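None of the values given here were measured: they were computed from a predicted structure. Numbers restart at 1 for each chain; the letters A, B, ... are given by sequence-line order, proteins then strands.
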Amino acid sequence: GEDVEQSLFLSVREGDSSVINCTYTDSSSTYLYWYKQEPGAGLQLLTYIFSNMDMKQDQRLTVLLNKKDKHLSLRIADTQTGDSAIYFCAVPWGNQGGKLIFGQGTELSVKP
Amino acid sequence: DGGITQSPKYLFRKEGQNVTLSCEQNLNHDAMYWYRQDPGQGLRLIYYSQIVNDFQKGDIAEGYSVSREKKESFPLTVTSAQKNPTAFYLCASTTPGQGVEKLFFGSGTQLSVL
(Lines give C-alpha, C1' and ligand atoms only; values in the text may rest on other atoms or scores of the structure.)
Protein backbone atom coordinates (compact mmCIF):
# COMPACT_ATOMS: atom_id res chain seq x y z
CA GLY A 1 0.00 0.00 0.00
CA GLU A 2 0.84 3.65 -0.01
CA ASP A 3 3.63 4.80 2.29
CA VAL A 4 4.50 8.41 3.09
CA GLU A 5 7.69 9.30 4.96
CA GLN A 6 8.83 12.53 6.61
CA SER A 7 11.57 13.45 9.04
CA LEU A 8 10.21 14.18 12.51
CA PHE A 9 11.89 17.44 13.53
CA LEU A 10 13.26 20.63 12.01
CA SER A 11 14.63 23.63 13.87
CA VAL A 12 15.37 26.98 12.21
CA ARG A 13 16.06 30.57 13.18
CA GLU A 14 13.45 33.26 12.63
CA GLY A 15 13.92 34.81 9.20
CA ASP A 16 15.58 31.74 7.70
CA SER A 17 13.97 29.47 5.13
CA SER A 18 12.56 26.12 6.20
CA VAL A 19 12.44 23.10 3.93
CA ILE A 20 10.29 20.13 4.90
CA ASN A 21 10.68 16.97 2.84
CA CYS A 22 8.38 14.07 2.06
CA THR A 23 8.70 10.86 0.03
CA TYR A 24 5.83 8.68 -1.14
CA THR A 25 5.41 5.39 -2.94
CA ASP A 26 2.21 5.62 -5.04
CA SER A 27 2.80 7.43 -8.32
CA SER A 28 -0.86 7.56 -9.37
CA SER A 29 -1.80 10.37 -7.00
CA THR A 30 -3.46 13.35 -8.69
CA TYR A 31 -2.98 15.93 -5.96
CA LEU A 32 -0.48 15.99 -3.11
CA TYR A 33 -1.16 18.00 0.01
CA TRP A 34 0.49 19.81 2.88
CA TYR A 35 -1.47 20.21 6.12
CA LYS A 36 -0.52 22.24 9.19
CA GLN A 37 -1.36 21.37 12.79
CA GLU A 38 -0.96 23.86 15.62
CA PRO A 39 -0.66 22.56 19.19
CA GLY A 40 -3.78 20.85 20.51
CA ALA A 41 -5.73 21.53 17.33
CA GLY A 42 -6.94 19.79 14.21
CA LEU A 43 -5.22 19.98 10.83
CA GLN A 44 -5.75 22.71 8.25
CA LEU A 45 -5.01 22.44 4.56
CA LEU A 46 -1.98 24.66 3.89
CA THR A 47 -1.39 24.10 0.20
CA TYR A 48 -1.46 21.44 -2.50
CA ILE A 49 0.07 20.68 -5.88
CA PHE A 50 -1.34 18.92 -8.91
CA SER A 51 0.74 15.96 -10.01
CA ASN A 52 1.51 17.39 -13.47
CA MET A 53 3.20 20.44 -11.93
CA ASP A 54 6.81 20.73 -10.76
CA MET A 55 6.38 23.79 -8.59
CA LYS A 56 3.69 25.89 -7.00
CA GLN A 57 4.26 29.17 -5.19
CA ASP A 58 1.80 30.76 -2.79
CA GLN A 59 3.17 33.84 -0.98
CA ARG A 60 5.86 32.54 1.41
CA LEU A 61 5.17 28.91 0.52
CA THR A 62 6.80 27.00 -2.34
CA VAL A 63 5.94 23.39 -3.11
CA LEU A 64 8.33 21.36 -5.23
CA LEU A 65 7.41 18.00 -6.75
CA ASN A 66 9.87 15.53 -8.24
CA LYS A 67 7.68 12.79 -9.66
CA LYS A 68 10.60 10.67 -10.83
CA ASP A 69 11.99 10.43 -7.31
CA LYS A 70 8.51 10.61 -5.67
CA HIS A 71 9.73 13.48 -3.55
CA LEU A 72 7.67 16.44 -2.33
CA SER A 73 8.99 19.42 -0.43
CA LEU A 74 7.55 22.48 1.27
CA ARG A 75 9.68 25.59 1.55
CA ILE A 76 8.65 28.39 3.91
CA ALA A 77 10.47 31.64 3.22
CA ASP A 78 11.24 34.15 6.00
CA THR A 79 10.07 31.69 8.67
CA GLN A 80 8.30 33.30 11.63
CA THR A 81 7.71 32.05 15.18
CA GLY A 82 4.04 31.73 14.25
CA ASP A 83 5.03 29.07 11.72
CA SER A 84 5.98 26.71 14.56
CA ALA A 85 3.68 23.72 14.11
CA ILE A 86 3.59 20.16 12.79
CA TYR A 87 3.47 19.87 9.01
CA PHE A 88 1.98 16.79 7.36
CA CYS A 89 2.44 15.60 3.83
CA ALA A 90 -0.65 13.70 2.55
CA VAL A 91 -1.28 11.59 -0.52
CA PRO A 92 -4.61 10.18 -1.78
CA TRP A 93 -5.15 6.50 -1.15
CA GLY A 94 -6.36 4.34 -4.00
CA ASN A 95 -9.32 5.49 -6.08
CA GLN A 96 -11.71 6.26 -3.24
CA GLY A 97 -12.00 9.99 -3.08
CA GLY A 98 -11.27 11.76 0.17
CA LYS A 99 -9.06 9.11 1.76
CA LEU A 100 -5.59 10.41 2.48
CA ILE A 101 -2.44 8.72 3.75
CA PHE A 102 -0.48 11.05 6.01
CA GLY A 103 3.21 11.13 6.75
CA GLN A 104 4.40 11.10 10.35
CA GLY A 105 4.51 14.88 10.49
CA THR A 106 7.51 17.21 10.78
CA GLU A 107 7.58 19.35 13.90
CA LEU A 108 8.97 22.76 12.94
CA SER A 109 10.50 24.78 15.75
CA VAL A 110 11.33 28.42 14.99
CA LYS A 111 13.75 30.10 17.37
CA PRO A 112 13.86 33.89 17.69
CA ASP B 1 -20.10 29.47 10.90
CA GLY B 2 -19.72 26.12 9.18
CA GLY B 3 -17.36 23.58 10.64
CA ILE B 4 -16.78 20.33 12.47
CA THR B 5 -17.36 20.05 16.19
CA GLN B 6 -15.77 17.33 18.27
CA SER B 7 -16.65 16.70 21.88
CA PRO B 8 -15.50 16.34 24.51
CA LYS B 9 -12.06 17.97 24.26
CA TYR B 10 -10.69 15.61 26.93
CA LEU B 11 -12.03 12.18 27.87
CA PHE B 12 -10.93 9.61 30.41
CA ARG B 13 -11.68 5.92 30.17
CA LYS B 14 -11.65 3.35 32.93
CA GLU B 15 -10.62 -0.27 32.35
CA GLY B 16 -13.36 -2.26 30.65
CA GLN B 17 -15.39 0.81 29.74
CA ASN B 18 -16.73 1.84 26.35
CA VAL B 19 -16.60 5.53 25.54
CA THR B 20 -18.10 7.48 22.64
CA LEU B 21 -16.52 10.46 20.90
CA SER B 22 -18.86 12.85 19.17
CA CYS B 23 -18.33 14.41 15.72
CA GLU B 24 -20.86 16.76 14.11
CA GLN B 25 -20.49 18.77 10.89
CA ASN B 26 -22.69 21.42 9.32
CA LEU B 27 -20.76 21.64 6.06
CA ASN B 28 -23.16 19.34 4.18
CA HIS B 29 -20.25 17.01 3.45
CA ASP B 30 -20.97 13.48 2.28
CA ALA B 31 -17.86 11.76 3.63
CA MET B 32 -16.59 11.64 7.19
CA TYR B 33 -13.46 10.11 8.69
CA TRP B 34 -11.94 9.19 12.02
CA TYR B 35 -8.17 9.34 12.46
CA ARG B 36 -6.03 8.41 15.42
CA GLN B 37 -2.87 10.45 16.10
CA ASP B 38 0.03 9.14 18.17
CA PRO B 39 3.26 11.10 18.62
CA GLY B 40 5.72 10.41 15.79
CA GLN B 41 3.26 8.20 13.90
CA GLY B 42 1.20 10.68 11.98
CA LEU B 43 -2.49 10.03 11.43
CA ARG B 44 -3.91 6.55 10.97
CA LEU B 45 -7.38 5.95 9.55
CA ILE B 46 -9.80 4.12 11.85
CA TYR B 47 -13.12 4.23 9.98
CA TYR B 48 -14.67 6.25 7.19
CA SER B 49 -18.13 6.77 5.76
CA GLN B 50 -18.89 8.09 2.30
CA ILE B 51 -22.67 8.04 2.64
CA VAL B 52 -25.32 7.77 5.33
CA ASN B 53 -25.89 4.24 6.69
CA ASP B 54 -22.61 2.98 5.20
CA PHE B 55 -19.07 2.88 6.55
CA GLN B 56 -15.80 1.04 5.96
CA LYS B 57 -12.87 -0.02 8.11
CA GLY B 58 -9.60 1.83 7.82
CA ASP B 59 -6.14 0.59 8.78
CA ILE B 60 -6.73 0.23 12.53
CA ALA B 61 -10.45 -0.51 13.05
CA GLU B 62 -10.03 -3.25 15.67
CA GLY B 63 -11.47 -2.17 19.02
CA TYR B 64 -13.51 0.66 17.51
CA SER B 65 -17.05 0.98 16.18
CA VAL B 66 -18.96 3.74 14.35
CA SER B 67 -22.42 4.59 13.08
CA ARG B 68 -23.66 6.99 10.41
CA GLU B 69 -27.39 7.41 10.93
CA LYS B 70 -27.38 11.07 9.93
CA LYS B 71 -25.32 12.96 7.37
CA GLU B 72 -24.16 15.43 10.01
CA SER B 73 -23.01 12.95 12.64
CA PHE B 74 -20.34 10.24 12.81
CA PRO B 75 -19.76 9.10 16.41
CA LEU B 76 -16.83 6.83 17.30
CA THR B 77 -17.04 4.30 20.12
CA VAL B 78 -13.79 3.11 21.68
CA THR B 79 -14.62 -0.31 23.09
CA SER B 80 -12.97 -2.24 25.92
CA ALA B 81 -11.36 -4.41 23.23
CA GLN B 82 -9.06 -1.50 22.32
CA LYS B 83 -6.19 -2.17 24.71
CA ASN B 84 -4.18 0.95 23.99
CA PRO B 85 -6.72 3.73 23.48
CA THR B 86 -4.67 6.67 24.71
CA ALA B 87 -4.31 8.98 21.72
CA PHE B 88 -5.56 12.16 20.06
CA TYR B 89 -8.62 11.44 17.91
CA LEU B 90 -9.45 13.60 14.91
CA CYS B 91 -12.64 13.67 12.89
CA ALA B 92 -12.67 15.05 9.35
CA SER B 93 -15.10 15.54 6.50
CA THR B 94 -15.16 16.35 2.80
CA THR B 95 -17.20 15.93 -0.33
CA PRO B 96 -15.14 13.61 -2.57
CA GLY B 97 -14.89 13.75 -6.34
CA GLN B 98 -14.46 17.50 -6.68
CA GLY B 99 -10.81 17.62 -7.69
CA VAL B 100 -8.84 18.92 -4.73
CA GLU B 101 -9.77 16.77 -1.74
CA LYS B 102 -9.83 19.33 1.02
CA LEU B 103 -10.37 17.64 4.35
CA PHE B 104 -11.86 19.77 7.12
CA PHE B 105 -10.82 18.68 10.59
CA GLY B 106 -12.34 19.07 14.02
CA SER B 107 -10.22 20.26 16.94
CA GLY B 108 -9.77 16.76 18.30
CA THR B 109 -10.47 14.72 21.44
CA GLN B 110 -7.65 13.61 23.73
CA LEU B 111 -8.53 10.22 25.22
CA SER B 112 -6.62 8.94 28.22
CA VAL B 113 -6.90 5.79 30.33
CA LEU B 114 -7.35 6.11 34.09
Side-chain angles (χ1 to χ4, degrees), chain A residues 1-10 20-26 28-53 56 58 63 72 85-107, chain B residues 3-10 21 23-25 27 29-51 54-61 74 87-111:
Chain A
E2 178 69 77
D3 191 25
V4 181
E5 297 283 337
Q6 297 177 242
S7 54
L8 295 183
F9 301 101
L10 176 65
I20 300 171
N21 295 301
C22 171
T23 58
Y24 60 96
T25 55
D26 183 357
S28 64
S29 303
T30 51
Y31 289 92
L32 298 97
Y33 303 87
W34 285 102
Y35 280 80
K36 177 182 179 181
Q37 183 183 34
E38 298 189 359
L43 280 67
Q44 290 185 306
L45 180 63
L46 191 62
T47 187
Y48 60 90
I49 187 167
F50 190 52
S51 59
N52 68 353
M53 298 170 64
K56 178 183 178 182
D58 183 3
V63 180
L72 184 69
I86 302 176
Y87 292 82
F88 291 91
C89 169
V91 175
W93 180 18
N95 59 0
Q96 299 185 47
K99 285 172 55 181
L100 296 180
I101 300 295
F102 288 84
Q104 303 94 321
T106 300
E107 183 175 349
Chain B
I4 299 182
T5 301
Q6 288 187 243
S7 62
K9 181 73 171 171
Y10 301 96
L21 285 61
C23 178
E24 303 275 334
Q25 56 100 357
L27 299 166
H29 285 165
D30 294 312
M32 297 186 72
Y33 307 81
W34 274 105
Y35 286 91
R36 170 178 170 144
Q37 183 178 16
D38 296 278
Q41 293 194 45
L43 277 67
R44 291 181 291 168
L45 183 63
I46 305 172
Y47 268 99
Y48 65 101
S49 168
Q50 299 199 304
I51 195 169
D54 189 40
F55 49 83
Q56 286 80 40
K57 294 181 180 179
D59 292 326
I60 55 164
F74 192 40
F88 192 54
Y89 291 85
L90 287 162
C91 180
S93 71
T94 191
T95 293
Q98 297 189 346
V100 178
E101 302 286 7
K102 181 175 180 179
L103 280 180
F104 289 79
F105 283 84
S107 56
T109 293
Q110 176 64 51
L111 175 62

Report the C-alpha separation of B/Q37 and A/F88 in whole Å, then their side-chain angles, then the decisive distance to 0.1 Å, and conclude whether the side chain to side chain contact (heavy atoms under 4.5 Å, CB included) test is met. CA-CA 12 Å; B/Q37 183 178 16; A/F88 291 91; 3.4 Å; yes

Side chains of B/L43 and A/Y35 in contact at under 4.5 Å (non-hydrogen atoms): no

Atom CD of residue position A/Q44 - does it have more than 12 heavy atoms of other residues, nucleotides or ligands inside 6.0 Å? no

Measure A/F9 against the heavy atoms of chain B and call it side chain, backbone, both or neither at under 4.5 Å. neither

Side chains of B/Y48 and A/K99: do they bring a donor and an acceptor to under 3.5 Å? yes

May I ask you to check whether over 12 heavy atoms, not counting those of B/Y89, lie within 6.0 Å of atom OH? yes

Interface moiety of A/L43 toward chain B, non-hydrogen atoms closer than 4.5 Å: both

For A/I101 and B/R44, run side chain to side chain contact (heavy atoms under 4.5 Å, CB included): C-alpha distance rounded to whole Å, both residues' side-chain angles, the deciding distance at 0.1 Å, then the answer. CA-CA 8 Å; A/I101 300 295; B/R44 291 181 291 168; over 6 Å; no

If you look at every heavy atom in B/L103 and A/F102, which pair is closest and at what distance? CD1-CZ, 4.2 Å

Between CD of A/Q37 and OG of B/S107, what distance do you get to the nearest 0.5 Å? 11.0 Å

I need the A/Y33 OH to B/K102 NZ distance, nearest 0.5 Å. 11.0 Å

Sequence neighbours excluded, the answer for side chain to side chain donor-acceptor pair (under 3.5 Å) partners of B/E24 is B/S73

Take a 6.0 Å sphere around CD1 of B/I51 and say whether it holds more than 12 heavy atoms from other residues, nucleotides or ligands. no

Honestly, the part of B/Q6 sitting under 4.5 Å from a heavy atom of chain A is neither

My understanding is that only residues two or more places apart in sequence, or in another chain, count here; which of them pass ring pair (Phe, Tyr, Trp, His ring centres under 6.0 Å) with B/F88? none

In terms of heavy-atom proximity below 4.5 Å to chain B, should A/E107 be classed as side chain, backbone, both, or neither? neither

I'd like to know whether NZ of A/K56 has more than 12 heavy-atom contacts from other residues, nucleotides or ligands below 6.0 angstrom. yes

At a heavy-atom separation under 4.5 Å, does B/L45 approach chain A through its side chain, its backbone, both, or neither? side chain

